[in-house]
Amino acid sequence: MLLKRPFLLACSGGVDSVVLAHLCSASKLEFALAHCNFKLRAEASDEDAAFVAGLAKNLNVEFFVKDFETNSYVENNKVSVQMAARTLRYRWFKELMQTTHYNYLITAHHADDNLETFLINLSRGTGIDGLSGIPEKTETIGRPLLPFSREEILSYAKQAQITWREDASNADTKYLRNKIRHELVPKLKELHPTFEKNFRKTQKFLAGTTEVLDAHIVAIKDKLFVEKKGHYALEVSELMKLKPLKPYLYLLFKEYGFGEWDNVHDLLTAMSGKEVRSGTHRLIKSREVILLQELSDKEQDRKEYFLDSDDVLPLNLRQTEVEVITETSDTILYIDKETLNDRLSVRKWKNGDY
């Protein structure tokens, strides 16, 4: 992956990102280091930031650092520490690329990260997208170390006498990724010595299959998506010819944010006027046609619930996303995100409810 334009390099201070910084410097590429201080490990977090600042000085590259109140974000948004860190990190990177001449980001994800992500997604249930691995590059992000293992990177660092910082939290198996890294993966490699090599081969096959599938879907879209003024129109009769139907509907509409595939499927045979919404788009049944429209900014910002009748008392509702059930009370409702419709209906109790 040869980068001919200036880019940001996300650097934690760990061996992976430090090795990547040295390799980019040795290749005489134009880049800057960007470091996130999540303030999670007291003095150690500040020492990480100071180390990366020193690295940037030694490599003679520009340095950006951002301090985050991560624990406050976790508390306010009811998310895990890892999810909070990821959200804060990429949000800042995006802002930084918008305000500097660095319009591309590279990270130090490697082959072991790919394997761990594969196993995490597999354990949670996923389609081919979740099994195809971390993409090597997108329009704004590149990951040049993906073909290399953690062991290969570590070996290079020692041989080149590169120093780095160790994050003690990486050994804490209370986190799912760490548990997979330190307990499950070693067992898999022990059971099958060529497991890692075979896994990489499998992901290449999956990536190739995904490319073929994407090309097929593009061809289907060119045929079915008829562009009108401000929306697309799709003939229901043509959609119904696709077999198996639900997987096709997923592949055709996933990029528009839809998640309730039973509802999308049922829309094809629903009465005219019925609609299904995602956070950004709506599908409307209009006689023998399905219309795909983008929601206005005002519609996208609206609360994701509505009152089912006029006699419901005024309610103060707040929606947050959590990974585990913690606090419980009569004022808290936990709902499985995967089965939640795009709108939550609120009404009084009726006979038969439970």
Side-chain angles (χ1 to χ4, degrees), residues 1 9-20 36 38 40 70 79-94 105-154 167 169-192 194-211 213-214 250-251 254-255 257 259 321-324 337-338:
M1 182 185 293
L9 193 160
C11 186
S12 66
V15 62
D16 312 320
S17 56
V18 172
V19 163
L20 183 55
C36 299
F38 295 111
L40 294 171
T70 312
V79 296
S80 69
V81 171
Q82 289 184 317
M83 186 180 293
R86 175 181 171 80
T87 300
L88 292 170
R89 176 168 61 245
Y90 282 102
R91 181 186 297 170
W92 177 57
F93 290 152
K94 184 177 180 180
L105 172 76
I106 69 170
T107 70
H109 290 93
H110 47 70
D112 292 67
D113 292 319
N114 230 345
L115 173 56
E116 292 155 13
T117 300
F118 174 93
L119 293 171
I120 288 172
N121 290 341
L122 183 65
S123 69
R124 291 173 174 170
T126 185
I128 192 171
D129 289 345
L131 301 180
S132 297
I134 306 169
E136 187 172 341
K137 61 180 179 180
T138 66
E139 290 185 4
T140 57
I141 300 177
R143 301 176 178 93
L145 294 186
L146 269 184
F148 306 98
S149 68
R150 180 180 289 111
E151 185 178 343
E152 289 172 319
I153 294 169
L154 190 58
D167 184 345
S169 67
N170 287 335
D172 191 343
T173 55
K174 74 177 181 181
Y175 299 115
L176 176 59
R177 181 175 291 273
N178 289 349
K179 198 172 188 66
I180 288 174
R181 176 182 303 166
H182 298 297
E183 297 180 8
L184 179 57
V185 172
K187 287 291 185 184
L188 291 171
K189 291 180 179 179
E190 181 183 319
L191 288 169
H192 205 306
T194 60
F195 173 79
E196 192 170 7
K197 180 181 178 181
N198 293 343
F199 166 73
R200 292 193 208 182
K201 190 183 297 184
T202 298
Q203 279 217 313
K204 283 185 179 179
F205 291 150
L206 284 171
T209 301
T210 301
E211 286 186 28
L213 189 58
D214 288 344
Y250 167 75
L251 292 166
K254 65 177 181 177
E255 67 178 282
E321 186 175 326
V322 297
E323 286 195 332
V324 295
K337 181 182 176 182
E338 299 301 320

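Index from 1, following the sequence. Worth knowing before you read on, the calculation uses all heavy atoms, side chains too, and leaves out hydrogens, waters and symmetry mates. Fair warning: this is a prediction, and the values are worked out from it, not measured in the lab.
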Flag the pair [X] / [Y] as yes when at least one side-chain heavy-atom distance between them is below 4.5 Å, and no otherwise.
{"X": "Arg200", "Y": "Ser149", "answer": "yes"}
{"X": "Arg177", "Y": "Ile120", "answer": "yes"}
{"X": "Phe195", "Y": "Leu115", "answer": "yes"}

What distance separates [X] [atom1] from [Y] [atom2], expressed to the nearest 0.5 Å?
{"X": "Asp16", "Y": "Leu145", "atom1": "CG", "atom2": "CG", "result": "7.0 Å"}
{"X": "Asp112", "Y": "Ile180", "atom1": "CG", "atom2": "CD1", "result": "12.5 Å"}
{"X": "Arg143", "Y": "Leu105", "atom1": "CZ", "atom2": "CG", "result": "8.0 Å"}
{"X": "Lys137", "Y": "Leu146", "atom1": "NZ", "atom2": "CG", "result": "12.5 Å"}
{"X": "Ser12", "Y": "Asp167", "atom1": "OG", "atom2": "CG", "result": "7.5 Å"}
{"X": "Ile128", "Y": "Leu213", "atom1": "CD1", "atom2": "CG", "result": "6.0 Å"}

Counting only N and O atoms by type, is there a donor-acceptor contact under 3.5 Å from the side chain of [X] to the main-chain atoms of [Y]?
{"X": "Thr70", "Y": "Phe38", "answer": "yes"}
{"X": "Thr194", "Y": "Lys197", "answer": "no"}
{"X": "Arg150", "Y": "His110", "answer": "no"}

Which heavy atom of [X] sits nearest a heavy atom of [Y], and at what distance?
{"X": "Ser17", "Y": "Leu9", "result": "O-CD2, 3.9 Å"}
{"X": "Asn121", "Y": "Gly130", "result": "ND2-O, 2.9 Å"}
{"X": "His109", "Y": "Asp113", "result": "CA-OD2, 3.3 Å"}
{"X": "Asn114", "Y": "Gly133", "result": "OD1-CA, 3.1 Å"}

Counterpart residues, side-chain contact (heavy atoms from CB on, under 4.5 Å), relative to [X] (two or more places apart):
{"X": "Glu183", "answer": "Thr173, Lys179"}
{"X": "Glu255", "answer": "Lys221"}
{"X": "Phe118", "answer": "Leu122, Leu131, Phe199, Gln203, Leu206"}

Tyr90 vs Arg86, test: side chain to side chain contact (heavy atoms under 4.5 Å, CB included). Steps then yes/no. CA-CA 6 Å; Tyr90 282 102; Arg86 175 181 171 80; 3.5 Å; yes
Could you walk me through whether Val185 and Lys189 pass the side chain to side chain contact (heavy atoms under 4.5 Å, CB included) check? CA-CA 6 Å; Val185 172; Lys189 291 180 179 179; 3.5 Å; yes
